[in-house]
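One structure below.
In each ligand, atom 1 is the first atom listed, and ligand 1 is the first ligand listed. Atoms considered below: every heavy atom in the structure, side chains included; atoms not considered: hydrogens, waters and symmetry mates.
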Amino acid sequence: MSKIDVLLGLQWGDEGKGKVVDVLAPRYDIIARFQGGPNAGHTLEFEGIKHVLHIIPSGICHRDKINVIGNGVLVEPVILRKEFAALESIGFEPRTNLYISRKAHLILPTHRLLDAANEASKAERKIGSTLKGIGPAYTDKVARVGVRVGDIARSDFKAVYEKAKESHLNLIRSLGYDVDAFRVEDKTLSEYERQWFEALDFLKGLKVIDSEYYLNEALDKGLKILAEGAQGSMLDIDFGSYPFVTSSNTITAGVCSGLGIAPSRVGKVFGICKAYCTRVGSGPFPTELFDADGEELRQKGREFGSTTGRPRRCGWLDIPALRYACMLNGVTHLMLMKIDVMNGFSRIKVCDSYEINGKRTMNVPYDMEESISPLYSDYDGWLQDVGGVGDYEALPQRMKDYIAMIEQKTGLPVALVSTSPDRKDTIIRTEL
Ligand code: GDP
Ligand code: IMO
Ligand code: MG
């Protein structure tokens with residue numbers, strides 16, 4: 001009997017999860033997404049191809065691997081169909097190796113309108129949502145009025161749809177907005193609905209399964225499964241910087257409910273983090289930089305959203321937040337991404353603790369919006385290009401010192417170091 005390994009982000013998302021799933025996929029039989037939806041943007045780069053995935057797991061470019069969209073994921077049919085087309089245009093056939101859970105919830109066009117209306121109503125307290133309908137669709141799921149992929153087969157589906165739509169439109173009106181004030185992807189509601197129903201027909205032709213049985217039976221047979229997270233631990237609905245979070249459990253616990261896997265069947269937990277921090281959207285970010293260093297991280301790291309194109313906010317590595325995420329997830333291996341982005345820095349800062357109301361603490365506070373002063377240590381940069389270095393020992397000593405410092409402060413091994421967006425520039429240090 002095998003256990004399921006987990007790969008997830010430890011910061012505010014965009015840590016490089018897509019790249020690492022693609023790198024590790026050859027070691028697994030099945031890759032399964034357990035939460036989130038099209039708010040995610042996971043980038044793969046290989047053989048001159050750059051490809052961004054949203055709902056489809058990042059193992060899809062390995063033809064012999066099965067990819068599963070789990071029950072905890074939200075499916076937006078139009079976006080899913082576009083992802084199929086994009087994959088087909090570069091020679092892949094997701095029809096053959098993608099399965100979708102019957103219990104996954106659907107994002108309706110009006111969920112997306114409602115997302116926009118909710119954001120508009122928050123004025124300067126906007127979450128900075130990706131406007132893919134995530135919050136409203138998960139709200140319906142928890143309120144027990146959601147629409148699931150399996151419902152598409154119901155003879156009364158249209159009535160179920162209309163009922164949900166009407167309640168969303170009423171909610172928008174109750175916020176004081178005219179429904180026509182909002183668009184989905186620049187389309188009116190009726191234009192987008194037409195596209196959505198066409199995409200729903202397309203979805204009917206895909207492999208829809210009872211994924212909890214499929215995955216548990218696969219483990220019974222000794223197959224190897226990698227669970228792929230979306231977003232990051234600091235965006236978790238319970239433990240992130242609430243209310244500036246997403247609407248799902250992004251942490252390891254989400255694997256159990258999002259795939260139907262018992263906690264005793266969880267194996268290794270790979271925690272992905274950047275050598276610095278980024279955040280896209282609003283909300284507290286203690287180590288955020290507003291100076292030339294922040295701009296250098298953004299430019300060198302190409303820190304612009306994979307889903308929305310928005311510039312990402314950049315800052316130094318935040319150890320208290322990282323330790324918090326490692327604790328919540330039971331991380332067994334750290335994977336350090338984008339260290340090459342810091343090649344040009346002569347001095348690098350790392351936040352070791354916070355000062356809050358004159359008191360020093362290593363803990364992430366209940367209210368991250370209160371005034372947090374990060375307390376920093378300084379390190380010498382390595383001022384060397386590391387592109388193409390495949391051997392850990394051949395990395396600059398100061399870079400290795402930086403990595404050792406992270407291991408010491410988190411008490412965890414850095415098992416993988418990534419030095420470029422490309423699949424091939426990945427150093428795996430320890431047997432995983
Ligand atoms: P994800 O959401 O966690 O999958 O991450 P994204 O794909 O949204 O953002 C990560 C970005 O960094 C993508 O553009 C990747 O191609 C890129 N990337 C990943 N690893 C590295 C790395 O080690 N170095 C550099 N320079 N870029 C990387
Ligand atoms: P990946 O998987 C970074 C952020 C949004 C916003 C907040 C809520 O690529 O790492 P939502 O659309 O979920 O209602 O937005 O969460 N956010 C992400 N930030 N990476 C992501 O996914 C994100 N998914 C959502 O910017 O602040
Ligand atoms: Mg991303």
- prompt: Would you say the side chains of Asn97 and His62 form a donor-acceptor pair under 3.5 Å?
  reply: no
message: Please tell me whether Asp115 and Ser129 have a donor and an acceptor in their side chains that are separated by less than 3.5 angstrom.
response: yes
Hey, which atoms in ligand 1 end up nearer than 4.0 Å to a heavy atom of [X]?
{"X": "Glu45", "result": "16 (O)"}
{"X": "Met337", "result": "20 (N)"}
{"X": "His42", "result": "1 (P), 2 (O), 4 (O), 7 (O)"}
{"X": "Gly18", "result": "4 (O)"}
{"X": "Ser418", "result": "20 (N), 21 (C), 22 (C), 23 (O)"}
{"X": "Val341", "result": "26 (N)"}
{"X": "Lys19", "result": "20 (N)"}

Side chain, backbone, both or neither: which part of [X] comes within less than 4.0 Å of ligand 1 when only heavy atoms are counted?
{"X": "Thr419", "result": "backbone"}
{"X": "Arg302", "result": "neither"}
{"X": "Asp14", "result": "both"}

- prompt: List-wise, which protein N, O or S atoms are found short of 2.8 Å from the Mg ion (ligand 3)?
  reply: Asp14 OD1, Gly41 O
- prompt: Is the closest heavy atom of Ser420 to ligand 1 under 4.0 Å?
  reply: yes
message: Taking only non-hydrogen atoms of Gly9, do any sit less than 4.0 angstrom from ligand 1?
response: no
field: Minimum non-hydrogen distance to atom 9 (O) of ligand 1, winning option of His51, Arg312, Arg423
entry: Arg312
- prompt: Quick one: does NZ or CZ of Arg313 land under 6.0 Å from the six-membered ring centre of Phe285, within 45 degrees of the ring axis?
  reply: no
statement: For ligand 2, protein residues within the heavy-atom limit of under 4.0 Å are Trp12, Gly13, Asp14, Lys17, Asn39, Ala40, Gly41, His42, Ile127, Gly128, Ser129, Thr130, Ile134, Ala230, Gln231, Leu235, Val245, Thr246, Val280, Gly281, Arg310
